[in-house]
Amino acid sequence: MCNNKECANYFKSQRAYHRCFEEFRKKWKSYGKAAGRITLKQTSAEERRAVGGIIGKVFYEETIRFSFLEFEQGLQKTRFAPVDMKAVLEEYFGEPLITTQGQQREDQERRKRFLDRSCGYFEENAGREAVALVWLRKMISEKKYGYQLLMREYAKGEKQAELLVRNVGNAVMKLKELTDKENEYPLAVLAAEITDNPHYFDRSTTAGLLFVHAICCCENMELPEDAHQWRKLLMQVSIVPDNISSMVHGYGLRLLTKQGWHGAYDAFCERKEPYVITMENMKGIIGVQAVGEKAYIVENEMVFSYLIHNLKNSDYTLLCTSGQPRSVAQVLIPYILASGSNICYNGDIDPDGICIADRLWKKFGDRIHIWRMSPEDYDKSLSKERIGDIGRAKLENIGHPILMKTAECMKEKQLAGYQENMLKELLEDMKT
C-alpha cells in the first residue's frame with residue numbers, strides 16, 4: 001500500500017513541520033538521499049514537540065539539531081510506514097526533486113541544445129561556411145566573443161536569447177556583403193532592416209555589445225575600450241554610426257579636402273564666427289590649419305562662449321569638446337598636431353576633468369600642453385563642491401607631472417575646481 005500522499009498531506013496540515021521540511025528539501029537536493037544534519041534556530045515549543053515526537057527525543061533548547069536519517073527512520077515507525085521519503089517530499093512540495101548535480105546536468109544539456117539549435121539555424125539557412133556560424137563555433141569552443149553575455153541573456157529567457165543570437169548573426173553576415181561591395185551602411189538602417197528597431201544595435205544595448213564581440217571575432221580585432229574606438233571599429237567594417245551627435249564647437253580652424261580648403265568653414269573663419277564640426281562634416285577631410293603655433297581646447301561651452309565674445313576680431317583657434325572628447329575631437333587633434341601646431345588644453349579641475357586631460361596627454365604626448373590646471377590654478381578655481389570617495393579613487397593613476405601634483409592637492413582639500421572661476425586668466429593667456 002502506498003502511503004506517501006497521505007503522509008505528505010498530514011505534514012502539510014501541521015504547520016510545525018514546515019521549516020523542517022524546507023531543510024529536508026535542501027538536503028535531498030544536495031545528497032540525493034536522507035542525509036546531513038538539520039539545525040533549526042529559535043524554534044517554538046510546538047516545533048520541538050512535533051520533531052521530537054517523530055525521532056523519539058525531547059528538546060529543551062530553542063536551537064535543535066538532528067539528522068535527516070533520524071527523522072526518516074522515525075517516520076518508518078509511524079502509521080504511514082512504509083513510505084518513500086523522496087516521494088513524500090515531492091508530494092509535500094508539489095514538484096519533482098532533482099539533486100544539484102542532476103539540475104546542473106539538466107541545465108548543461110538544455111544549454112547545449114540551445115547552442116546547437118542556434119548553430120543549426122545558420123548552417124541550414126546560410127551554409128556550413130557562414131561567417132555567423134564561424135563566430136558561434138569559436139564563441140562556444142573558446143568561451144569568448146560574447147559567450148558570457150549570451151549566457152546571461154539565456155538565463156533570463158531562452159526564446160529572447162535565441163532571437164538575440166539570430167539577429168546578431170544575421171547582422172554579421174550582412175557586414176560581409178557590405179565589405180564585398182565596399183558600401184557604407186548606417187548602423188540604424190542595418191538594425192531596422194534586421195529587427196525593425198533602428199536602435200537595436202546601439203552601443204548601450206545588449207545586442208549592440210554582442211554585435212561588437214561578433215565583429216571582433218570575425219575580423220580578429222581587439223574589443224573597443226571607449227566610444228571613439230567603437231566608432232572606429234564600425235567604420236572599418238563599412239558601418240556608419242550616428243555621425244551627428246559626435247561634435248565639437250570650433251573657431252578659427254580651416255579644414256582641408258582633396259579639392260582644397262573647405263569653403264563653408266573658410267567662410268566662418270573669414271567672418272570670425274564660431275561653428276560646429278560633426279563626424280559627418282569630417283568625411284573627406286584630409287588636413288586642417290590652425291591660426292599660429294597653438295590651438296586652444298576647452299571643455300566647457302560657457303567658457304568657449306565667453307572667450308569668443310571677449311576676443312572679438314582676434315585671430316586664434318579655439319575648440320570646445322563639451323566634456324569627454326568625442327570621436328570628432330579624437331580625429332581633429334592628430335590633424336592639428338600634424339599641421340605643426342601644439343595644443344593647449346584646459347578642463348575643469350575636478351576628478352573627471354583631471355582624468356580627461358591626463359588621458360589626452362598619455363595618448364598624444366607632450367604636444368598637448370596642460371593649460372591652467374596646476375596646483376596654483378586649482379586654488380584659484382576652487383568651488384564648494386566636495387569630492388567623494390569615487391572621485392578620489394579616480395585620482396590614483398594620474399601620470400602627467402603637473403596634474404599629479406594637482407591631484408594630490410585635490411585629495412587633500414577634497415574640493416572641485418571649475419573653469420568658470422578662471423575666465424579672466426584664460427582670456428589673458430589667449431590675448432598675450
Side-chain angles (χ1 to χ4, degrees), residues 224-229 231-232 246-256 277 279 282 285 287-301 303-304 307-308 311 315-378 380-381 394-410 416-419 422-423 425-432:
E225 294 180 0
D226 52 37
H228 175 62
Q229 290 185 9
R231 187 179 294 272
K232 187 176 179 181
S246 178
M247 65 175 72
V248 295
H249 289 81
Y251 180 97
L253 185 70
R254 301 176 71 196
L255 305 185
L256 181 64
I277 308 173
M279 280 297 291
M282 288 301 295
I285 300 301
V288 302
Q289 184 183 66
V291 176
E293 297 179 355
K294 291 180 183 177
Y296 297 89
I297 298 179
V298 294
E299 178 188 339
N300 185 287
E301 297 95 334
V303 175
F304 176 81
L307 294 173
I308 295 289
L311 288 166
D315 291 321
Y316 57 91
T317 293
L318 178 65
L319 299 178
C320 175
T321 60
S322 302
Q324 178 71 40
R326 300 177 190 175
S327 294
V328 65
Q330 302 277 0
V331 173
L332 277 171
I333 288 173
Y335 277 139
I336 294 172
L337 297 177
S339 74
S341 295
N342 292 326
I343 291 173
C344 295
Y345 178 83
N346 176 265
D348 285 330
I349 311 182
D350 64 356
D352 287 330
I354 290 283
C355 289
I356 291 171
D358 193 57
R359 281 195 294 271
L360 284 174
W361 172 74
K362 286 175 179 175
K363 183 170 183 177
F364 297 108
D366 287 331
R367 290 183 63 193
I368 298 285
H369 299 286
I370 302 304
W371 174 33
R372 288 285 179 183
M373 297 182 73
S374 69
E376 294 76 22
D377 299 311
Y378 169 60
K380 295 176 184 177
S381 69
K394 292 178 180 179
L395 300 172
E396 292 302 322
N397 298 309
I398 303 302
H400 189 281
I402 293 176
L403 294 177
M404 199 183 302
K405 294 177 182 178
T406 305
E408 290 302 316
C409 294
M410 196 179 302
Y418 294 110
Q419 290 178 299
M422 293 191 60
L423 294 175
E425 288 83 353
L426 298 174
L427 178 63
E428 194 59 37
D429 288 348
M430 291 186 68
K431 280 183 176 180
T432 56

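Index from 1, following the sequence. Everything numeric here is computed off the predicted structure, so don't read it as measured data.
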State, yes or no, whether a side-chain contact exists between [X] and [Y] at a heavy-atom distance under 4.5 Å.
{"X": "Leu332", "Y": "Met282", "value": "yes"}
{"X": "Val298", "Y": "Trp371", "value": "yes"}
{"X": "Lys232", "Y": "Pro224", "value": "no"}

List the atom of [X], the atom of [Y], and the distance in Å for their closest heavy-atom pair.
{"X": "Ile370", "Y": "Leu403", "result": "CG2-CD2, 3.7 Å"}
{"X": "Met430", "Y": "Tyr316", "result": "CE-CD1, 3.5 Å"}
{"X": "Thr406", "Y": "Ser374", "result": "OG1-C, 3.2 Å"}
{"X": "Ala416", "Y": "Asp350", "result": "CB-CB, 3.7 Å"}
{"X": "Gly347", "Y": "Glu299", "result": "CA-OE1, 3.3 Å"}
{"X": "Ile285", "Y": "Tyr335", "result": "O-OH, 3.0 Å"}

Do the side chain of [X] and the main chain of [Y] share a donor and acceptor less than 3.5 angstrom apart?
{"X": "Ser341", "Y": "Ala295", "value": "no"}
{"X": "Arg367", "Y": "Leu337", "value": "yes"}
{"X": "Asp348", "Y": "Gly353", "value": "no"}

Side-chain donor-acceptor pair under 3.5 Å between Gln289 and Ser339, yes or no? no
Is it the case that Lys363 and Gln330 place a side-chain donor and acceptor less than 3.5 Å from each other? yes
In Å and rounded to the nearest 0.5 Å, what is the [atom1] to [atom2] distance from [X] to [Y]?
{"X": "Cys409", "Y": "Asp377", "atom1": "SG", "atom2": "CG", "value": "11.0 Å"}
{"X": "Asp358", "Y": "Ile356", "atom1": "CG", "atom2": "CD1", "value": "11.0 Å"}
{"X": "Ile349", "Y": "Gln419", "atom1": "CD1", "atom2": "CD", "value": "8.5 Å"}
{"X": "Leu360", "Y": "Ile297", "atom1": "CG", "atom2": "CD1", "value": "7.0 Å"}
{"X": "Leu319", "Y": "Tyr296", "atom1": "CG", "atom2": "OH", "value": "12.5 Å"}
{"X": "Gln324", "Y": "His228", "atom1": "CD", "atom2": "NE2", "value": "11.0 Å"}

Can you label the angle between the His249 ring and the Phe304 ring as parallel, tilted or perpendicular, going by 30° and 60°?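 The rings of His249 and Phe304 sit tilted, inter-plane angle from 30° to 60°.
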Report the C-alpha separation of Ile398 and Cys355 in whole Å, then their side-chain angles, then the decisive distance to 0.1 Å, and conclude whether the side chain to side chain contact (heavy atoms under 4.5 Å, CB included) test is met. CA-CA 7 Å; Ile398 303 302; Cys355 289; 4.2 Å; yes
Could you walk me through whether Val248 and Arg326 pass the side chain to side chain contact (heavy atoms under 4.5 Å, CB included) test, one step at a time? CA-CA 8 Å; Val248 295; Arg326 300 177 190 175; over 6 Å; no
Determine, step by step, whether Met373 and Asn346 satisfy the side chain to side chain contact (heavy atoms under 4.5 Å, CB included) criterion, reporting the C-alpha distance in whole Å, the side-chain angles of both residues, the deciding distance to 0.1 Å, and the verdict. CA-CA 7 Å; Met373 297 182 73; Asn346 176 265; 3.9 Å; yes
